[in-house]
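All values reported here derive from a predicted model rather than from experimental measurement.
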Amino acid sequence: MSTSSKPPYPRRSGNRPSGPSSQQQGRGRPHTRPEKPAPDRTSPELGPDGLPQVSLLRRGVERWQGGHPWIYRADLNGDPGLPGGEVVRVTDTRGWFLGKAFYSKHSKISLRWLSFDDVAVDADFFRERLLAADRLRQLALPGEKTYRLVHGEADGLPGLVVDRYGDFLSVQFLVPAMEQRKALIADLLQAQFNPRGIINRSDVGVRNLEGLTPEKGVLRGEHPGPVSFDEGLVKMRADLLEGQKTGAFLDQRENHVMAANYAHGEALDCFSYVGGFALQLATRARHVTAIEISEAASAQLRENAAANKLNNLDVVVANAFDFLRDAVDEGKRFDTIVLDPPSFAKNKDAIPAAVRGYKEINLRALQLLRPGGILISASCTYHVDEQAFEDMLASAAADARRRVQIIERRGAGRDHPVLLNLRETRYLKCFVLRVL
Ligand code: SAH
């Protein structure tokens, strides 16, 4: 076995008769002929610890060794013949151990990284990962009571999202292996954090790709109706069971508070939800118009404004695209504008249409701003990366015939760590721009 200081792979799986016996046949030795995947299996091959083994073709091994935490179906050495939801041993075609992963049968993403080492993936494993996730939040956001506690792959817990809202947790199980460990995860969260309630918000479309149906409900304890939480000086309320996402958009929390610094004059917040940006703008601006298409979100936004005694805010239930177009036609002017729309592209094919949508609203916003005006423009579409988003902004500025400064290039808050090697975890862009 290799004793090099390189990462801890490959490691022989231990009991595979067809595997190599000498070190020369180990990692990185180039194959000279194209690989032919093994025939699909009807019964899975088991490793020394009794866990099923899934072997990778060369491209999959390279991806794994390159640190990418996802392996696609096409990079497996045949169908492993598993029902899905298992922790599996990952090997190369010769049986050399590469690590452990969650297996998904239905998704194009077959394997999700758990470990490079041959460790037991048991209750202690998940407890340790939850504790490590908690330690980051204690470090990065000391004293905070509302934050994303677990951010899936980026916290080494693929397919698990846990948002903390004070005494309550709102959780998403997004892959079969996490779904099957729902009770274990709920027990660990209860024991570790002692929440008054754990809400399950797994009512998301991505579950369909995994062969899971969307579901939501109360997993442990109680559902108290809307819960209160602070964002800077602003008091917020959101319903963890009935609201969007896990109740609120915690990824924008730091950007909400930042927005108050720039707010002045006549302000416009488009795609407001329950007012994360609008209320912050209202603490500084003369007047805020909030545009939101959902009646339920608009009602909660009005309540949140009243609770903060912010009387300088009007909520308009409208399509922001129409509002912006009409505002330009009517010659309206603003000093501060926020654009924070929902994701415009769920897959790569939708990217051009998404960019057109972004350009339309950003162009109009730039047309509406007075000189010295601020545009805070966000995108949560991960298929449109930061460069593409910036290019779109440049093109909108040119078409609007405005000179525009970039003041800040921001992303999600520190409780949403980005995993190097997984661009998908760097999904949120938030630019602060100033029109000359
Ligand atoms: N800015 C919010 C989050 C926005 S999420 C925050 O920081 O908390 C996107 C919001 O846009 C959702 O509330 C959704 O209901 C709303 N929305 C979706 N399409 C819309 C449209 N065409 N016009 C206005 N609002 C829209």
Side-chain angles (χ1 to χ4, degrees), residues 201 203-205 216 225-229 231 234-253 255-256 259-260 263 265-344 353-354 356-369 375-381 430:
R201 289 305 306 268
D203 50 330
V204 281
K216 69 172 181 174
V227 297
S228 302
F229 57 97
E231 289 196 345
V234 169
K235 302 233 167 298
M236 298 290 291
R237 263 166 100 71
D239 193 317
L240 307 192
L241 195 57
E242 302 305 334
Q244 297 186 30
K245 245 182 153 182
T246 64
F249 293 82
L250 299 187
D251 50 358
Q252 291 281 30
R253 268 169 73 78
N255 296 329
H256 292 158
E266 189 65 32
L268 174 67
D269 177 35
C270 293
F271 311 94
S272 298
Y273 188 48
V274 297
F277 282 107
L279 299 179
Q280 296 288 340
L281 299 182
T283 63
R284 295 282 187 91
R286 188 171 55 245
H287 179 263
V288 181
T289 306
I291 312 297
E292 167 57 51
I293 208 164
S294 148
E295 293 274 3
S298 301
Q300 184 69 56
L301 168 44
R302 287 195 188 97
E303 269 184 41
N304 289 350
N308 286 280
K309 300 191 170 51
L310 293 166
N311 305 320
N312 57 338
L313 186 151
D314 288 313
V315 183
V316 180
V317 181
N319 183 329
F321 282 82
D322 297 342
F323 181 92
L324 288 164
R325 190 195 52 230
D326 294 347
V328 170
D329 290 348
E330 293 160 16
K332 287 191 176 144
R333 288 290 175 267
F334 293 93
D335 302 290
T336 313
I337 299 181
V338 176
L339 300 176
D340 182 25
S343 175
F344 284 163
R356 279 197 302 280
Y358 284 123
K359 184 164 171 192
E360 178 177 335
I361 56 176
N362 281 278
L363 169 59
R364 299 212 196 281
L366 290 170
Q367 289 172 325
L368 289 171
L369 281 169
L375 172 60
I376 297 173
S377 183
S379 157
C380 60
T381 306
C430 183

Only counting residues at least two apart or in another chain, list the ones meeting salt bridge (charged side-chain N to carboxylate O under 4.0 Å, His left out) with [X].
X: Arg302; result: none
X: Asp239; result: none
X: Glu330; result: Lys332

Partners passing side chain to side chain donor-acceptor pair (under 3.5 Å) against [X] (at least two apart in sequence or in another chain):
X: Gln252; answer: Asn255, Asp340
X: Asp326; answer: none
X: Glu242; answer: Lys216
X: Arg201; answer: Asp203

Holding to side chain to side chain contact (heavy atoms under 4.5 Å, CB included), I want the full list of residues that pass it with [X], two or more places apart in sequence or in another chain.
X: Thr283; value: Val234, Ala260, Leu310
X: Lys359; value: Met392, Ser395, Ala396, Asp399
X: Ala306; value: none
X: Ala238; value: Phe229, Ala248

By the side-chain hydrogen bond (donor to acceptor under 3.5 Å, both in side chains) test, which pairs, at least two apart or in different chains, include something from residues 308-318?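 Counting only pairs at least two positions apart or across chains, the side-chain hydrogen bond (donor to acceptor under 3.5 Å, both in side chains) contacts touching residues 308-318 are His287-Asp314.
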
